[in-house]
There are 2 protein chains.
Amino acid sequence: MPTKKGGSGQVEPQSKDVDTEQRILDAAHEVFLRNGTAGARMQDIAREAGVNQALLHYYFRSKERLAEAVFRRAALQLLPPMVALLGSELPLERKVEEVIRHELEQLSRTPYLPGYVLSELSHHPERAGQLVETMTGMRAAGIAPRVFEKLGQQIDEGVRAGTLRPIAPEDFVLNLVSLCIFPFAARPMAMTLFAWSPDQWTAFIERRRVELPRFFLEALRP
Amino acid sequence: MPTKKGGSGQVEPQSKDVDTEQRILDAAHEVFLRNGTAGARMQDIAREAGVNQALLHYYFRSKERLAEAVFRRAALQLLPPMVALLGSELPLERKVEEVIRHELEQLSRTPYLPGYVLSELSHHPERAGQLVETMTGMRAAGIAPRVFEKLGQQIDEGVRAGTLRPIAPEDFVLNLVSLCIFPFAARPMAMTLFAWSPDQWTAFIERRRVELPRFFLEALRP
DNA sequence: GTCTATAACAGGATAGAC
DNA sequence: GTCTATCCTGTTATAGAC
């Protein structure tokens, strides 16, 4: 193994190589997300990183390991912010608005991200578990209750106050992220089917920013 | 080119080969959906079909052509029923219920289908156009208005009657299919995050069959 | 750490017998 | 139509010089 966290001292790696490892990871991220893991070529990643192919193996040993590193990075970019928002102390309405705002913005910048992560997970379901552990440092079975505890409480409160009809927190979450993420995954189909220009797509997302919170919250009126 | 529609006569192919071509297509469908196009191996398809690899090339000439055949088949299995339902003469509420019922049932049987189709489309956006043309036999730009004309009318009627608040038909459709399809694409993540057993997943979908129509329709109350 | 050169292999495609 | 055997290209991975 290269520099990284050396066994002897916690001193940070020397000069140039940190940059390089990072550049490779960035390049790999690009290429893997565009082409999928199986469709990606080490040569393309090397070119994109401005280094040569042998160096990829120097740092990451094999395509598979590189793919794992990229997947972890991508998934950690996608999920924790959303989970944090959902488990936060914000009032429920604000929470919904914030999740939608954050997701639509994130997805506008990195439209391939959700498709890539979901596709990887469907080919390697076992990674979901590792991922949840990495995210939270606790066993998979334990996390959901904790993170969504606050959310469940808020729903119960709303129900008791008569402002909300009952819904399982799991359904709440899945419905919300479905409405945020799916249109981006289906973007090529939607643009063709509706005969949309890129500008019309942008307008659709812009409109969605304000209409989706309303749509979602209306659905939960008692 | 093999048998198929011969240039000279419209006589149907001889005996055995129709079965074989079909078996190959079925096997390819399996393997491509499981592994994605780039991740699929011709050898695996041959084994799954119980024939040998050369025969795949005899019938389909190349991996790429086979992939196109499978994609067309998969997409035609996924989209037309939904489009037909959405453009049908059913009253709006029934329409929503029927789409949800049909989609959840279809997706329970073929969970890889939407992920595969969406993934293929994001790597080959041009196929969306071909697909729409194949589906309807008319130019892409022309189809959406026609197919969703009825839907738009029904929404307008509902708005005038005061039973619905205004929503663009495009948003209506995207929201509806998002809520149906996305949970299946995200199934591995969801099951891990919520620590669900397969039975709990089934129960979730069962529950969804009745709750989703309500959720969706409530969201559109004026 | 970074490079060039090359080994080692996997996988798609074809030839030709039956 | 279907098979076996084989070719050949593209891709991952390693050796070794700088």
Side-chain angles (χ1 to χ4, degrees), chain A residues 1-9 11-28 30-32 34-71 123, chain B residues 1-9 11-32 34-71 123-124:
Chain A
M1 291 136 198
T3 40
K4 297 203 169 180
K5 306 105 190 178
S8 39
V11 200
E12 277 310 296
Q14 316 72 316
S15 59
K16 197 73 176 302
D17 59 342
V18 241
D19 289 328
T20 304
E21 182 165 354
Q22 197 53 41
R23 282 223 316 285
I24 292 175
L25 209 52
D26 289 342
E30 272 297 301
V31 175
F32 277 128
R34 251 205 326 267
N35 302 336
T37 305
R41 300 288 160 246
M42 295 295 268
Q43 180 52 46
D44 296 344
I45 297 173
R47 186 167 349 98
E48 178 106 6
V51 300
N52 113 352
Q53 202 177 334
L55 217 52
L56 307 192
H57 289 89
Y58 175 75
Y59 281 104
F60 294 93
R61 203 176 166 77
S62 74
K63 179 182 177 181
E64 194 175 325
R65 281 169 190 262
L66 180 54
E68 278 165 22
V70 167
F71 170 75
H123 299 328
Chain B
M1 291 136 198
T3 39
K4 297 204 168 178
K5 306 104 187 179
S8 39
V11 199
E12 277 309 297
Q14 312 75 317
S15 58
K16 198 73 176 300
D17 60 343
V18 240
D19 289 329
T20 305
E21 181 165 354
Q22 197 54 41
R23 282 224 316 286
I24 291 176
L25 208 51
D26 289 343
H29 185 98
E30 273 297 302
V31 176
F32 277 128
R34 251 204 326 269
N35 301 336
T37 306
R41 300 287 159 248
M42 295 294 269
Q43 180 52 47
D44 296 344
I45 297 172
R47 186 167 349 98
E48 178 105 9
V51 300
N52 102 7
Q53 201 178 336
L55 217 53
L56 307 192
H57 289 91
Y58 175 77
Y59 280 104
F60 293 93
R61 201 175 166 78
S62 72
K63 181 182 176 180
E64 194 175 325
R65 280 170 191 263
L66 180 54
E68 276 165 23
V70 168
F71 171 75
H123 298 327
H124 305 279

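Letters A, B, ... are given to chains in the order of the sequence lines, protein chains preceding strands, and every chain is numbered from 1.
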Q) Among all residues two or more places apart in sequence or in another chain, which pass the side chain to side chain contact (heavy atoms under 4.5 Å, CB included) test with A:Glu68? A) A:Glu64, A:Arg72, A:Arg127
Q) Whole-Å distance between C:dT2 P and A:Glu21 CD? A) 10 Å
Q.
Tell me the interatomic distance from A:Phe60, atom CZ, to D:dT14, atom C1', rounded to whole angstroms.
A. 18 Å
Q) Do A:Leu66 and A:Phe32 have side-chain heavy atoms sitting under 4.5 Å apart? A) yes
Q | B:Leu55 CG - D:dC3 C1' separation (whole Å) | A | 9 Å
**Q.** Sequence neighbours excluded, every pair satisfying salt bridge (charged side-chain N to carboxylate O under 4.0 Å, His left out) that has a member inside residues 47-59 of chain B
**A.** B:Arg34-B:Glu48, B:Asp44-B:Arg47
Q | Close side-chain approach of B:Leu56 to B:Val51, heavy-atom, < 4.5 Å | A | yes
Q) Rounded to whole angstrom units, what separation is found between the OH atom of A:Tyr59 and the P atom of D:dA13? A) 18 Å
Q | Atom pair CZ (A:Phe60) and CG (A:Leu25), whose distance is rounded to the nearest 0.5 Å | A | 4.5 Å
Q | Spatial distance of atom OH (A:Tyr59) from atom CZ (A:Arg23) [nearest 0.5 Å] | A | 9.0 Å
Q: Quick one, give me the B/S/- string for nucleotides 11-18 of chain C, reading 5' to 3', where B means a protein heavy atom under 4.0 Å from the base and S means that only happens at the primed atoms, P, OP1 or OP2.
A: SBBBB---
